[in-house]
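Shown next, in structure tokens, is the structure this report addresses.
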Amino acid sequence: MRSALFVPADSEKKMARGLECGADCLFVDLEDSVAANAKPAARQMARDFLLHARRRASRPLLYVRVNALDSGMTDADLDVVMAGGPDGVLLPKSQGGCDVQHLSAKLAVREAAFGLPDGATQIACVATETASAIFGLSSYKGASRRLAALTWGAEDLSADLGAETNRLPDGAHAPPYQLARNLALFAAVAAGAQPLDTVYPNFRDEAGFEVECLAARRDGFTGKMAIHPAQVPVINAIFTPPAAEIARARAIVAAFEHNPDKGVIALEGEMLDKPHLERARKLLARARE
Ligand code: COA
Ligand code: MG
């Protein structure tokens with residue numbers, strides 16, 4: 001997924017609009033964007049939306065962001081929304097691989113109860129929302145084959161830290177959040193999960209948003225979360241490998257195929273060896289998706 005748009009589950013209008021805006025994935029939200037007293041109704045609305053959206057011939061991936069495992073609400077969320085057969089569940093405030101396994105067991109129970117294929121529901125985690133979660137980042141590797149993506153968050157982390165802000169005056173993340181971002185990137189790649197960049201809350205600032213998308217792509221993130229439909233086309237454009245890069249990657253792969261005995265070759269004045277070949281293959285795999 002290049003783009004994953006949050007749609008609050010207590011808003012039929014936003015869920016419906018989410019389906020039309022070109023997002024690769026919708027994160028139907030039962031957590032922070034839904035007030036406590038609206039959660040019971042939002043669960044039913046999320047389930048009904050999933051049942052409706054799944055019938056469409058062409059649709060985005062459908063994930064539900066449940067409430068955190070320590071909220072006491074996760075089971076109530078899953079009891080309702082799993083009847084809608086989501087493609088995945090986004091786990092907020094995740095503390096590490098143990099939380100993935102805990103959620104995985106809860107999903108297995110509901111998959112059996114609702115006649116869904118065993119293991120079909122994927123998991124994505126927001127992996128940096130508390131100070132303690134930072135120390136769990138090394139534990140995602142091998143946690144579960146359901147784990148499809150890892151993302152990170154600066155909003156809840158700054159609340160946990162009691163920080164004044166998480167951004168510098170120029171809009172860039174302050175050092176503690178850059179560290180969280182970078183560690184989440186390493187954790188995702190180490191775990192074989194997709195690294196997904198965090199949200200950009202200032203949704204009217206298109207220039208700042210684009211800068212952050214480009215920096216994410218440069219460093220290895222392969223998609224970004226959105227909070228507003230206007231952010232989706234920008235993300236999709238930036239995270240679609242450009243034709244020139246695809247052509248260059250094809251040329252690199254071809255050059256190595258034509259020189260099977262060589263570890264290092266020169267192409268248009270550049271030295272290429274194994275990491276360049278690996279990068280080219282990864283880009284082509286992403287382009288195929
Ligand atoms: N998904 C789908 N539709 C959305 C949307 C979203 N995330 N955000 C806005 N829209 C819709 C609005 O409903 C509005 O529709 P309308 O033209 O039919 O009235 C249209 O897009 C334009 O919205 P706009 O007026 O620019 O913004 P807003 O003030 O209505 O909404 C937010 C601003 C931040 C409240 C809204 O974008 C939102 O709810 N975002 C998601 C928040 C969330 O889920 N947070 C948790 C993860 S961090
Ligand atoms: Mg939050």
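Computed from a predicted structure; not experimentally measured. Numbering of ligands and ligand atoms starts at 1, following listing order.
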Contacts of the Mg ion (ligand 2) with protein N/O/S atoms, counting only those under 2.8 Å: Asp32 OD2, Asp156 OD2
Steps toward salt bridge (Lys or Arg N to Asp or Glu O under 4.0 Å) verdict (Arg56, Glu20): CA-CA 11 Å; Arg56 290 166 54 116; Glu20 309 297 340; 3.2 Å; yes
Side-chain touch Thr222/Arg286, heavy atoms, less than 4.5 angstrom: yes
Ser71 side chain to Ala68 backbone, donor-acceptor under 3.5 Å: yes
SB check Asp197 Arg217 (cutoff 4.0 Å): no
Polar contact flag, side-chain donor to acceptor under 3.5 angstrom, Thr198-Tyr177: no
Side chain to side chain, Val126 and Glu129, heavy atoms closer than 4.5 Å: yes
Contact residues of ligand 1, where a non-hydrogen atom lies under 4.0 Å away: Leu5, Phe6, Val7, Pro8, Lys13, Lys14, Arg17, Asp29, Ser33, Arg65, Phe203, Arg204, Ile227, His228, Pro229
Main-chain N/O of Leu62 paired with Asp87 side-chain donor or acceptor, under 3.5 Å: yes
Arg47 and Gln44: side chain donor to acceptor below 3.5 Å: yes
Sidechain-backbone polar pair: His276 side chain, Asp273 backbone, donor-acceptor under 3.5 Å: yes
